[in-house]
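What follows is a set of notes on a single structure, which appears directly below.
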Amino acid sequence: MEWEFKILDALQDIQSPILTKVMAFVTMLGEAGWFWIVLGIVLLCTKKYRKCGVAVLLALILDLILANIILKPLVARPRPCWIREDIELLVRVPRDYSFPSGHTMASFASAGALLFTEKKFGVGACILALLMGISRLYFYVHFPTDVLAGVILGLLCGVVSVNLMNRMKNTKFGEFYSDGK
């Protein structure tokens with residue numbers, strides 16, 4: 001765990017007012033997954049990208065179950081800012097546990113779903129998801145392994161959502177998003 005604090009402390013050393021504003025904006029996009037939920041709904045409402053919207057929203061449901069309902073309470077890992085209380089936080093102190101990073105996992109679940117349904121959206125979404133993960137380290141609210149687990153488990157949720165969607169393609173639900181393809 002000490003090596004993780006070294007990474008977090010190094011990020012503390014590079015903080016600047018401009019970088020903090022950028023990171024605050026990026027981390028705000030990930031609060032409660034609102035950005036990804038809105039994106040999924042917008043895509044769902046367009047006939048051309050409905051499949052992407054279904055994949056994103058399904059990935060977020062899987063993410064919610066795996067991260068918030070199962071893993072966070074099961075692992076119950078304290079956040080770095082709870083352990084090192086002397087660090088001045090630039091964001092509110094989260095109340096839930098640290099592992100895995102919810103911001104990162106939801107972001108990569110959505111980005112993965114997009115990557116596996118519409119690559120042109122997925123690449124940009126992965127870059128944004130990566131920035132969200134880094135922002136959680138920058139603000140000292142997650143350990144690097146929390147973020148790494150969020151990346152891996154999030155992408156897994158994205159892959160599983162697309163696979164589930166493909167399996168449901170020939171069902172009544174599949175008619176909603178498949179557009180006969």
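None of the values given here were measured: they were computed from a predicted structure.
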Rounded distance (nearest 0.5 Å) linking atom [atom1] of [X] with atom [atom2] of [Y]:
| X | Y | atom1 | atom2 | answer |
| --- | --- | --- | --- | --- |
| S161 | L114 | OG | CG | 9.0 Å |
| L74 | Y97 | CG | OH | 11.0 Å |
| I70 | L64 | CD1 | CG | 10.0 Å |
| L57 | L62 | CG | CG | 11.0 Å |
| I134 | T27 | CD1 | OG1 | 11.5 Å |
| L148 | L153 | CG | CG | 9.0 Å |

Kindly write out the residues that satisfy side chain to side chain contact (heavy atoms under 4.5 Å, CB included) with [X], not counting sequence neighbours, or none if the list is empty.
| X | value |
| --- | --- |
| S101 | H103, T104, R136, H142, D146, V147 |
| L155 | F108, V151 |
| Q12 | Q15, I87, Y140 |
| I14 | L11, L19 |

Just to verify, what does [X] make a side-chain hydrogen bond (donor to acceptor under 3.5 Å, both in side chains) with, not counting sequence neighbours?
| X | result |
| --- | --- |
| S107 | W36 |
| Y138 | T20 |
| R92 | E31 |
| E88 | none |

Whether S98 side chain and R77 backbone form a donor-acceptor pair below 3.5 Å
no
Is there a donor-acceptor contact under 3.5 Å from the side chain of W82 to the main chain of P94?
yes
According to the salt bridge (Lys or Arg N to Asp or Glu O under 4.0 Å) rule, which pairs have a member within residues 155-166, sequence neighbours left out?
none
Which pair of non-hydrogen atoms, one from [X] and one from [Y], has the smallest distance, and what is that distance?
| X | Y | answer |
| --- | --- | --- |
| P73 | N68 | CD-O, 3.4 Å |
| V162 | A113 | CG2-O, 3.9 Å |
| M132 | L29 | CE-CB, 3.4 Å |
| M165 | A55 | SD-N, 3.7 Å |
| L43 | C52 | CD1-CB, 3.9 Å |
| L60 | S110 | CD2-OG, 3.4 Å |

Same cluster or not: are I18 and M23 linked, directly or through other Ile, Leu, Val, Met, Phe, Trp or Tyr residues, by side-chain heavy atoms under 4.5 angstrom apart?
no
Side-chain heavy atoms nearer than 4.5 Å, only ILVMFWY residues, links allowed to pass through others: does that put L128 and I152 together?
no
Contacts of D96 that satisfy salt bridge (charged side-chain N to carboxylate O under 4.0 Å, His left out) - sequence neighbours left out:
K72, R79
Quick one: are [X] and [Y] in side-chain contact, heavy atoms under 4.5 Å?
| X | Y | result |
| --- | --- | --- |
| K51 | N166 | yes |
| D9 | R84 | yes |
| I41 | C45 | yes |
| C157 | L66 | yes |

Any side-chain hydrogen bond (donor to acceptor under 3.5 Å, both in side chains) involving residues 115-125? Give me the pairs, sequence neighbours left out, ordered by first then second residue.
Y49-K120
Would F35 and M28 count as a side chain to side chain contact (heavy atoms under 4.5 Å, CB included) if you check the C-alpha gap in whole Å, the side-chain angles of each, and the deciding distance to 0.1 Å?
CA-CA 9 Å; F35 174 81; M28 180 271 307; over 6 Å; no
Hits for ring pair (Phe, Tyr, Trp, His ring centres under 6.0 Å) against F5, two or more places apart or cross-chain, chain-then-number order -> F143
